[in-house]
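Contents: one structure, followed by commentary.
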Number of protein chains: 2
Amino acid sequence: MDHSFFHQQLQFTRSFKNKLNERLAEAGLFHSQWLLIYCLKQQKAATLVEISNYLNVEKPTITRTVKRLEEQMLIEKIPSRDKRERPIQLTEKGLHIYEEAIRIVNDFEQNLMEEISEIDQETTLRTIKRLKTNLMKEELR
Amino acid sequence: MDHSFFHQQLQFTRSFKNKLNERLAEAGLFHSQWLLIYCLKQQKAATLVEISNYLNVEKPTITRTVKRLEEQMLIEKIPSRDKRERPIQLTEKGLHIYEEAIRIVNDFEQNLMEEISEIDQETTLRTIKRLKTNLMKEELR
DNA sequence: TACAATTAGTTACTTAGGTAACTTTATTCG
DNA sequence: CGAATAAAGTTACCTAAGTAACTAATTGTA
């Protein structure tokens, strides 16, 4: 059995995050913070659980990231009828940083995709998604 | 621009590591420890720097993992002419755990690959490798 | 040969993610 | 209605990986 497939996969994502972190430093963000900001931009406002589901990351991780973004005044709490949940949204400053970061990320990802054909991109994406569903099955064994 | 490609990629590797960790718990290993044991099995013996290069992981990370594997008596130091370096190798116990773990990992990876064609696997691996080289170029910008 | 530069490894500190156990608030149902 | 259950967040603690700065040993070189 050849393990290089998954090994390459893991190595790539590790490097990807590192390099993107370097770029995002310009906007004062880490990759994980960017993901949360991106998520809020798509959804306008969201609770921690909604974000957790969207990003597929556990709640405590979201709690920590939210705390930091709040300290940087990039997000703010909004009132809620249900006192258990604490919905948040981007502040003006947060929206501004989003605009800065989206340019960095788009540029970064476009450069990475250089000279990789549409077809290969599609095949790869389809394969990854298939691997993900196979992982879910794995859960039940 | 569609960000889902890289997003899917990151989510997959995160889930992959989590699930594999669950499986490897049976052998008393974490994924990172498994990687190091696998590396030592391929190379017989190696220094931290050699392992670091092989796995493409920074030295301090290797130091920590080595320390834990030593505590579990799965690896041992061997003498070296150069007093700076500390080559290590698998112990008998380590070799035994390797045999147990390789079965778990092979089974896990095979199940994941279920119903994914050879051609798609090849295309995906080629694309990932291409993305990695594009990342390296990115370094120099 | 003596001193500068390099190399191997470690330590301290950071972000990122996970699980388990907890509190507080809502909801369900006997 | 009131007790049990469920849901949203948080806290504490774990592994993993990174950078920066350090020590000790070895090489290179003036």
Side-chain angles (χ1 to χ4, degrees), chain A residues 7 10-25 28-37 45-72 75 77-88 135 139, chain B residues 7 10-25 28-37 45-72 75 77-88 135 139:
Chain A
H7 193 57
L10 298 193
Q11 284 197 354
F12 167 70
T13 56
R14 210 151 30 74
S15 298
F16 175 87
K17 269 210 275 192
N18 290 342
K19 294 269 168 279
L20 188 48
N21 271 336
E22 281 176 27
R23 288 304 160 80
L24 282 173
L29 291 179
F30 288 99
H31 176 249
S32 62
Q33 300 175 326
W34 159 247
L35 287 182
L36 209 151
I37 286 178
T47 65
L48 293 215
V49 167
E50 282 163 357
I51 296 169
S52 173
N53 291 334
Y54 183 93
L55 296 180
N56 196 23
V57 163
E58 297 302 317
K59 290 185 295 176
T61 304
I62 306 294
T63 297
R64 188 173 2 87
T65 307
V66 161
K67 196 175 285 173
R68 285 183 195 151
L69 289 175
E70 262 178 332
E71 284 163 9
Q72 295 177 255
I75 62 178
K77 296 194 179 82
I78 55 181
S80 163
R81 216 182 71 264
D82 187 333
K83 283 182 203 158
R84 285 175 306 180
E85 55 186 32
R86 315 186 66 174
I88 55 176
L135 256 186
E139 196 139 11
Chain B
H7 192 57
L10 298 193
Q11 284 198 353
F12 167 69
T13 56
R14 210 150 32 71
S15 298
F16 176 88
K17 269 210 277 192
N18 290 342
K19 293 270 170 277
L20 188 47
N21 271 335
E22 280 176 27
R23 288 304 160 81
L24 284 173
L29 292 180
F30 287 99
H31 176 249
S32 62
Q33 300 175 326
W34 158 247
L35 287 182
L36 208 150
I37 286 178
T47 65
L48 293 217
V49 166
E50 282 163 355
I51 296 168
S52 173
N53 291 335
Y54 183 93
L55 296 180
N56 194 25
V57 162
E58 296 303 318
K59 291 186 294 176
T61 303
I62 306 294
T63 297
R64 186 172 5 87
T65 306
V66 161
K67 194 175 288 174
R68 284 183 194 152
L69 288 175
E70 262 179 331
E71 284 163 8
Q72 295 177 254
I75 61 177
K77 297 194 178 82
I78 55 182
S80 163
R81 216 183 71 264
D82 187 332
K83 284 181 203 159
R84 285 174 306 180
E85 55 184 31
R86 316 186 66 174
I88 56 176
L135 257 186
E139 199 138 9

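Here is how names work: the chains are called A, B, and so on, in the same order as the sequence lines, proteins then strands, and each is numbered from 1. Just so you know, these numbers use all the heavy atoms, side chains as well, and skip hydrogens, waters and symmetry mates.
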The answer to which of A:Arg81 and A:Glu58 contacts DNA chain C further toward the 5' end, by nearest nucleotide, is A:Glu58
Search all heavy atoms of A:Ile88 against all heavy atoms of A:Ile78 and return the closest pair with its distance. N-CG1, 4.3 Å
Taking DNA chain C as the partner, which of residues 59-72 of chain B come within under 4.0 angstrom of it by heavy atom? B:Lys59, B:Pro60, B:Thr63, B:Lys67
Between B:Lys17 and A:Leu10, is the side chain to side chain contact (heavy atoms under 4.5 Å, CB included) condition met? List the steps. CA-CA 9 Å; B:Lys17 269 210 277 192; A:Leu10 298 193; 4.3 Å; yes
Measure across A:Ser15 and B:Leu135 and return the closest heavy-atom pair with its distance rounded to 0.1 Å. CB-CD1, 3.4 Å
Polar side-chain atom of B:Ser52 near backbone of B:Val57 as donor-acceptor pair, under 3.5 Å: yes
For a quick test of reading the model, state the closest non-hydrogen atom pair linking A:Glu50 to A:Ala46 and the distance between them. OE1-CA, 3.2 Å
First and last nucleotide of DNA chain C, 5' to 3', lying under 4.0 Å from heavy atoms of chain A: C:dT15 to C:dA26
List the atom of A:Leu24, the atom of A:Trp34, and the distance in Å for their closest heavy-atom pair. CD1-CB, 3.7 Å
Answer with base, sugar-phosphate or nothing: what part of the nucleic acid does B:Asn18 contact at a heavy-atom distance below 4.0 Å? sugar-phosphate
Which sits closer to the 5' end of DNA chain D, B:Gln33 or A:Glu85, going by the nucleotide each is nearest to? A:Glu85
Taking side-chain hydrogen bond (donor to acceptor under 3.5 Å, both in side chains) as the definition, give me every residue that meets it alongside B:Gln33, ordered by chain and number, with sequence neighbours left out. B:Gln72
Shortest non-hydrogen pair, A:Val66 vs A:Ile75, comes out as O-CD1, 3.6 Å
List the steps, then state whether side chain to side chain contact (heavy atoms under 4.5 Å, CB included) holds for B:Thr13 with A:Arg14. CA-CA 9 Å; B:Thr13 56; A:Arg14 210 151 30 74; over 6 Å; no
Can you give me the first and the last nucleotide of DNA chain D (5' to 3') that has an atom within less than 4.0 angstrom of a non-hydrogen atom in chain B? D:dT15 to D:dT26
Parallel, tilted or perpendicular: which describes the rings of A:Phe16 and A:His31, with under 30° parallel and over 60° perpendicular? perpendicular
Residue pairs fulfilling side chain to side chain donor-acceptor pair (under 3.5 Å) with at least one residue in residues 57-71 of chain B, sequence neighbours excluded: B:Glu70-B:Lys77
Starting at CG of B:Leu48, measure out to CG of B:Asn53 and round the result to the nearest 0.5 Å. 11.0 Å
Minimal heavy-atom distance between A:Leu55 and A:Leu35, with the atoms involved, is CD2-O, 4.0 Å
Contacts to DNA chain C from residues 48-57 of chain A, heavy-atom cutoff under 4.0 Å, which residues? A:Val57
